[in-house]
Amino acid sequence: MNRNSNVYTIVYAAVMVVLVAAVLAFTALWLRPTQEDNIRIEKQRQILSSINVASTAKDAEQLYKDYITDSYVVNSKGEKVAGDAFYIVVKEEVAKPEAERILPVFVATVNGSKKYILPLYGMGLWGPIWGYIAVDANGDTVYGAVFAHQGETAGLGAEITKAKFADQFHGKNLFYNGKFASIAVLKVGAKADHQDSVDAISGGTITSQGVSKMLFDCLQPYANFLSSLK
Amino acid sequence: MSEKNKEIFLGPLSKNNPVIVQVLGICSALAVTAQMEPALVMSLSLTAVLAFASVIISLMRNTIPNRIRIIVQLVVIAALVIIVDQILKAFAYEVSKLLSVYVGLIITNCILMGRLEAFALGNKPWPAFLDGVGNGIGYSIILLIIAFFRELLGSGTLFGHQVIPQICYDWGYENNGLMILPPMALIVAGCIIWVQRAKNPEMQED
């Protein structure tokens, strides 16, 4: 057999590619359910940590059932619309005009009082950042927050995932004099007029600004919904 | 194990180390060594891929058309890397998030192509397997040494556990933030090369 002939080369390449494709397709199909579970559990754990409930990969599902008592979807007028809140892709919603956006709301019951958990999605320095913010039953005071990122610089922008940063949001107000104002992330020591603020990460300026913008962009459409809770 | 096979296996651990002697695979060594855990998983992944790829290429070596041999090698490597990536996503999700794109980048790791082209293509499966494992371990040792110093000095932890006691911080000790940044991996690698050359005078160039 002439190993350098064109026919041999082409047949060899074709057979190899088909074989490899079959192996990869099999692996992907076989592992997909486990991978999807992981992604779902990851999301449940993040939602739980916005109400300061620590979970592990094992107990997340049970804790989620215990704490998250309801979830629904609203539009920017604050009216309930059809849809499954858990499976709404926030990334796609953020890209739409405000009037067309559908907004997931997760309702948690912590020690008998209701908390409303709202998802966030925005851009940091190197890639997307996201998170969840839990708001008290008055629709104004923040109960807790959690942030995550894809590829922010370790030790700098990536610090937004640390409790030290996220815990600052506890007790801040989203409304100022009855108007939606969001929460600003500002350089340490700076104070904003007409809105609450938290300290930025030193050395993570762009990521911090990203968090600030994400909070405004993602929470602004909820303004009517949050006002209706008062 | 014969003398020759022993040399094939042990050579890459020191005198012929892929990272610090041949200076291959440096890119991932810089990227995943801020902490021990991702460095360890990256090492295991690369060793597994390299060992399997070497055996597969070695088994195929008498059938591979010469003109497309690089492509065949790449297809084998890419398929194995994707399988490893999928397995990590299913069974070690937290770690796969830490490694993110770097698992995929094993495909372009110079050690793989280098060993397949230079060794597996011309040797029987067993020596090829030893060569793959040897080079994988040689890569792993360096990665773990770099990660040890970067995590210890940069975060005060090892495998995520606090090892520098709180009392040191109370007395004014600070973690060195520079250690977390990629350039320090290069400097630590440089120090390892320095130590190794100092111990092996025959490796010193004039």
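Chain letters run A, B, ... following the sequence lines, proteins first, then strands; residues in each count from 1.
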Interatomic distance, OG1@A:Thr34 vs CD@B:Gln86, rounded to 0.5 Å, equals 10.5 Å

Measuring heavy-atom distances to chain B, does A:Thr27 have an atom under 4.5 Å in its side chain, in its backbone, in both, or in neither?
side chain

Drop me the distance from A:Tyr12's OH to B:Met60's CE, to the nearest 0.5 angstrom.
3.0 Å

Partner chain A: residue of B:Ile64, B:Ile87, B:Ile71 with the largest heavy-atom pair count (under 4.5 Å):
B:Ile64

Top of B:Pro182, B:Ala79, B:Pro65 for chain A proximity - count of heavy-atom pairs under 4.5 angstrom:
B:Pro65

Can you tell me how far apart CZ (A:Phe26) and CD1 (B:Ile83) are? Round to the nearest 0.5 Å.
10.0 Å

Within a 6.0 Å radius of atom NZ on A:Lys96, are there more than 12 heavy atoms belonging to other residues, nucleotides or ligands?
yes

Go through the atoms of A:Glu42 and report whether side chain, backbone, both or neither lie under 4.5 Å from a heavy atom of chain B.
side chain

Does A:Tyr67 OH have over 12 foreign heavy atoms under 6.0 Å away?
no

Ranking B:Asn66, B:Asn175, B:Val75, B:Val76 by heavy-atom pairs under 4.5 Å to chain A gives rank one to B:Val75

Against chain A, label B:Gln35 side chain, backbone, both or neither, depending on which of its atoms sit under 4.5 Å from a heavy atom there.
neither

Could you tell me which non-hydrogen atom of B:Ala90 sits nearest to which non-hydrogen atom of A:Asn38, and how far apart they are?
O-ND2, 2.9 Å

Carefully, step by step, assess A:Ile41 and B:Tyr93 under the rule side-chain contact (heavy atoms from CB on, under 4.5 Å).
CA-CA 10 Å; A:Ile41 288 169; B:Tyr93 188 67; over 6 Å; no

For B:Thr63, is it the side chain, the backbone, both, or neither that has a heavy atom closer than 4.5 Å to a heavy atom of chain A?
both

Checking heavy atoms, do the side chain of A:Ile39, its backbone, both or neither come under 4.5 Å from chain B?
both

Heavy-atom count check: over 12 atoms from other residues, nucleotides or ligands less than 6.0 Å from A:Tyr143 OH?
yes

Non-hydrogen atoms of chain B under 4.5 Å away: do they reach the side chain of A:Leu24, the backbone, both or neither?
side chain

